[in-house]
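For reference, the structure discussed in these notes is given below.
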Protein chains: 2
Amino acid sequence: MKQLNQGARLAAILQLLEEKAFWAVSELADRFEVSEETIRRDARHLEQSGVIQKMHGGISATSNKIEAPYRIRFRENVAAKQRMAQTAAALVREGMTLLLDSGTSCHWLARSLAHMQNLTIVTNSVEIAHEILGNPGQRLLLAGGPVNQIHHAAFGPEASAFCRRFAPDLTILSMSAVDPERGFLDFDADEAAFKQPLLERARRVVVLADHTKFAKSGFIQVASFADVQDLVTDLEPPASTVQAASLSGTRLHVSEDTPGDHHKGNVDLV
Amino acid sequence: MKQLNQGARLAAILQLLEEKAFWAVSELADRFEVSEETIRRDARHLEQSGVIQKMHGGISATSNKIEAPYRIRFRENVAAKQRMAQTAAALVREGMTLLLDSGTSCHWLARSLAHMQNLTIVTNSVEIAHEILGNPGQRLLLAGGPVNQIHHAAFGPEASAFCRRFAPDLTILSMSAVDPERGFLDFDADEAAFKQPLLERARRVVVLADHTKFAKSGFIQVASFADVQDLVTDLEPPASTVQAASLSGTRLHVSEDTPGDHHKGNVDLV
DNA sequence: CAATCATGTGACATATTGTGGGAATTAAAT
DNA sequence: ATTTAATTCCCACAATATGTCACATGATTG
């Protein structure tokens, strides 16, 4: 192929990506008879305009389907979420009825429960419902209504009324923020309004909150420490939070990352 | 297989996991002509993003659990279902409100609607809800309640009452059997009891039924031809069925397989 | 002619890969 | 059940490959 100017080359690259999903930088440099650095600059330009995706070794077509933000969040901090899920799963016994809140942490917990039999799961999360249906031998009760596009869950009055009909053995909630003084908080008003009534009928409340939640402070209080029997997290919380939990009798389950140290297990304070 | 760079290799591994649930490290190293350690590192990357599960000796798809029967059915007769979905999608306009019944045909339709904006989807199917949440710019109203393990959808009174609150532009139903004399039938009593009331408030009823449904005859009548404005199917139905449809003014949309003949399109009788 | 832009080159930073040693896991044998 | 052997895994290091940046050159444009 002969020398093309930049515009023609960019267009040609896009054309080539129709044929093959991935092109190595060296391939393109060779084909257009320019230096690899030029191709890399082209790649940077195209990536800036979101048309392609730069990868190590070359460029690839952007996935034509924009992934929903929820599903991106689901894949962030996977290791920590999996550890928390394992820790929380240890609280579950066969035959139990669980109320599983929406949120990616609860979603990972649902996945960790795959092997358990004879569970009844009540949830308002479409993602968790979808997950549970992949687990044979688990009953699913789904709260419906208008579905929130951000959280992929129903928070409306239908969902609220539905969930209040049950008295689950464990009420498992995720929280957006944990504050030593104000307890557990949320940013979303609908979400908070959905969770709050669940506390009244709850026998045992388990909250999942990774360490990033200790640095935040939402603006709607959902629960105090006294409402929560178990708090599962991935890193030791600040001393003030540990103390607040201790004073209210909230058990703290820290599932730390312990590479090469498999017998240490979880640190359960109180 | 030739040497691939990391990105291409990761994608290829995910592709391979579609074929076989478990791949040994040695197998993959062999296939990609890289060292086993490289494969292990790939595995670590993929596990970090939660896409696969690392096992001793190899990697496996996260869901090494038995795939739910629904999800197996979803992958059967894909070509026919996709054609029917395309045909049905042609009836949908932006801004519409759709009631989408459960069933794999409707599920494929939901997928075909991915590119459309500003749709409002009412459904009782967890699978369809999950699909819709992957389509940006579509509103989702989910009917809840106890979820049927076979159909992955809610058929209970909560779901029924919820759906009856809406007057959708299109009411799209799948049916288990089509009989020239008795109309549209079902095998499942709960499912039938859910669908029947939807017909009353429906403005326009679209039924999806592939050709296998013409050979069956369920035992619960859900609708007569007079209730149904459009019938989408993949092959020309028996003459008696065509006549029954014609007499009741039911439009017949046959999305036949027309390889290399893209302008023939659908056969619309009446 | 000055200013801007595209390109190539080389120096340096970052990422990926293979190798070998030692820990961990599994399988086999006692 | 306990020990032994084989396999597999993880880590650290070195080599290679790739990416980024800064600067110089030549082309293009106003």
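Below, read A as the first sequence line, B as the second, and so on, with proteins coming before strands; counting in each chain starts at 1. The analysis underlying the following values was restricted to heavy atoms, covering all of them including side chains, and did not include hydrogens, waters or symmetry mates.
At the phosphate of dT7(C), OP1 or OP2 sits under 4.0 Å from a side-chain N or O atom of Arg9(A).
Distance, His45(A) NE2 to dG19(D) P: 16 Å, rounded to whole Å. Atom CG of Leu10(A) is separated from atom P of dC5(C) by 15 Å (rounded to the nearest Å). If you take CD1 of Ile39(B) and P of dG18(C), they are 9 Å apart, rounded to a whole angstrom. Computed from coordinates, the Asp30(A) CG to dG8(C) C1' distance equals 16 Å when rounded to whole Å. The CH2-P distance, from Trp23(A) to dT18(D), rounds to 17 Å in whole Å. Atom CD of Glu36(B) and atom C1' of dA6(D) are 14 Å apart (whole Å). At whole-Å resolution of the value, CD in Gln53(B) and C1' in dC9(D) are 17 Å apart. Here the P atom of nucleotide dT7(C) and the CG atom of Leu28(A) are 14 Å apart, to the nearest Å.
Nearest nucleotide to the Glu37(B) side chain, out of dG19(D), dT7(C), dC10(D): dC10(D). When the nucleotides dG18(C), dT7(C), dT18(D) are ranked by their closest atom to the side chain of Thr38(A), dT7(C) comes out on top. The listed nucleotides are dT20(D), dT19(C), dT8(D); the one nearest the side chain of Arg44(A) is dT20(D). Of the candidates dT17(C), dC10(D), dA6(C), dC10(D) carries the atom nearest the Arg40(B) side chain, counting heavy atoms from C-beta on. With dG18(C), dC10(D), dG8(C) as the candidates, the nucleotide lying closest to the side chain of Val34(B) is dG18(C). Between dC10(D), dA15(C), dC9(D), one nucleotide has an atom nearer to the side chain of Lys54(B) than all others, and that is dC10(D). For Asp42(B), taking side-chain heavy atoms from C-beta onward, the closest of the listed nucleotides dT9(C), dT17(C), dT16(C) is dT17(C).
Side-chain atoms of Arg41(A) stay outside donor-acceptor range of the base of dG19(D), with no qualifying N/O pair under 3.5 Å.
Of the possible polar contacts, none joining the Thr233(A) side chain to the Ser255(A) backbone as a donor-acceptor pair under 3.5 Å is found. At least one donor-acceptor pair under 3.5 Å links the side chain of Asp101(A) to the backbone N or O of Ser174(A).
Between Val206(A) and the choices Asp230(A), Thr171(A), Val92(A), the side chain to side chain contact (heavy atoms under 4.5 Å, CB included) rule is met once, by Asp230(A). For the side chain to side chain contact (heavy atoms under 4.5 Å, CB included) with Val232(A), the lone residue among Ile172(A), Val207(A), Leu208(A), Leu109(A) that qualifies is Leu208(A).
Side-chain N/O atoms of His152(B) and Glu127(B) include a donor and acceptor closer than 3.5 Å.
Within 4.0 Å (heavy atoms only), Gly58(B) reaches sugar-phosphate atoms of the nucleic acid but no base atom.
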